[in-house]
Amino acid sequence: MNQQPNYALYDKIYTVCEQIPHGKVASYGDIAAIVGGGCDARTVGYALNEIPTDRAGVPWQRIIAKDGAISTRGLTQRQLLEAEGVEFDAHDRAIMARFRWDGPSADWAAEHGFQTLPPRDEGDRAEQMSLF
DNA sequence: CAGATGACTCCCA
DNA sequence: CTGGGAGCCATCT
């Protein structure tokens, strides 16, 4: 049709993104995992790239790559995050170990039909501890 | 329905 | 670090 097609799954993606608290970030894969239902990290990225004016309030800047790297088309996404208190290292990557969103609460997820973030590996957890 | 596109992620050299 | 290839998905032409 036009620039605002029949977003079914996209709408859910936007809803999840809006749950990310101020000063936190999440990866595409995380959002996909929360949305579930055949959603993929790519799908999340595509959805964020086509945010309709109706969803202009979606904090798209808080969705970054799994490594904390920003690969958005030259947008000043980093500045927006820094303004929220998110810190970056010398590698231009957000410190995911400290600012990564833990996912929605079990109540909220159940309430809206979403899922909580799956448990992480020991390695990632150890990384968080070491940074603290 | 097939082909193309796109803010991903993982693995290997 | 860079580059290539594969897998996965929604939406548009």
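Chain letters run A, B, ... following the sequence lines, proteins first and then strands; every chain starts at 1. What you see is a predicted model; the values in this text were computed from it and never measured. What's counted below: heavy atoms across the whole structure, side chains too, no hydrogens, waters or symmetry copies.
Following rounding to the nearest Å, D30(A) (CG) and dC8(B) (C1') show an atom-to-atom distance of 12 Å. Between the P atom of dA10(C) and the CD atom of E50(A) lies a distance of 16 Å, rounded to the nearest Å. Rounding to whole angstrom units, CD1 of residue I34(A) and C1' of dC8(B) are separated by 16 Å. Rounded to whole Å, the distance from CD1 on I31(A) to P on dA10(C) is 17 Å. For the pair R42(A) CZ and dT5(B) C1', the interatomic distance rounds to 9 Å; values are reported in whole Å. Distance CD1 (I51(A)) to P (dA10(C)): 18 Å, rounded to an integer number of Å. Counting to the nearest Å, the C1' atom of dT9(B) and the CZ atom of R93(A) are 15 Å from each other. Between L48(A) atom CG and dC8(B) atom P the separation is 10 Å, expressed in whole Å.
Between I70(A) and the options L81(A), I63(A), D92(A), a side-chain contact (heavy atoms from CB on, under 4.5 Å) holds for only L81(A).
Here F114(A) pairs with W108(A) under the ring-ring contact (aromatic ring centres under 6.0 Å, His included) rule; sequence neighbours left out. Take D89(A) and apply the side chain to side chain contact (heavy atoms under 4.5 Å, CB included) test, not counting sequence neighbours, and it matches H91(A), R93(A). Partners of E82(A) by side chain to side chain donor-acceptor pair (under 3.5 Å), not counting sequence neighbours, listed by chain and number: R78(A).
Using a 4.0 Å heavy-atom criterion, one finds that A32(A) contacts no nucleic acid atom at all.
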Every protein N/O lying under 3.5 Å from an N/O of nucleotides 1-3 of chain B:
none

Taking only N/O atoms, report every protein-nucleotides 10-13 of chain B pair under 3.5 Å with atom names and distance.
{"from": "dC10(B)", "atom 1": "OP1", "to": "K66(A)", "atom 2": "NZ", "distance (Å)": "2.4"}

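In plain terms, the two heavy atoms of G37(A) and L9(A) that are nearest each other are O-CD2, 4.2 Å. Between A109(A) and T116(A), the shortest heavy-atom distance links the atoms CB-CG2, 4.2 Å. Contact between I51(A) and W60(A) at its shortest, heavy atoms only, is CD1-CB, 3.8 Å.
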Please tabulate, for side-chain N and O atoms in residues 20-29 of chain A, each donor-acceptor pair with protein atoms closer than 3.5 Å (sequence neighbours left out).
{"from": "S27(A)", "atom 1": "OG", "to": "D30(A)", "atom 2": "N", "distance (Å)": "3.2"}
{"from": "S27(A)", "atom 1": "OG", "to": "D30(A)", "atom 2": "OD1", "distance (Å)": "3.4"}
{"from": "S27(A)", "atom 1": "OG", "to": "D30(A)", "atom 2": "OD2", "distance (Å)": "3.0"}

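Heavy-atom nearest nucleotides on DNA chain B were determined for Y10(A) and for I64(A), and the one closer to the 5' end corresponds to Y10(A).
A salt bridge (charged side-chain N to carboxylate O under 4.0 Å, His left out) check over residues 7-23 of chain A, counting only residues at least two apart or in different chains, returns the pairs D11(A)-R55(A), E18(A)-R55(A). Applying the salt bridge (charged side-chain N to carboxylate O under 4.0 Å, His left out) rule to pairs touching residues 60-72 of chain A yields R62(A)-E84(A), sequence neighbours excluded.
Checking dT9(B), dA7(B), dC8(C) against every side-chain atom of A41(A), the shortest atom distance belongs to dT9(B). When distances run from any side-chain atom of T43(A) to the nucleotides dC8(C), dA10(C), dA7(B), the shortest one goes to dA10(C).
In the region residues 16-29 of chain A, proximity to DNA chain C at under 4.0 angstrom, judged on heavy atoms, holds for none of the residues.
Not a single donor-acceptor pair under 3.5 Å links the side chain of Q19(A) to the backbone N or O of P104(A).
By the 4.5 Å heavy-atom criterion applied to side chains, Y10(A) and T15(A) are not counted as neighbours.
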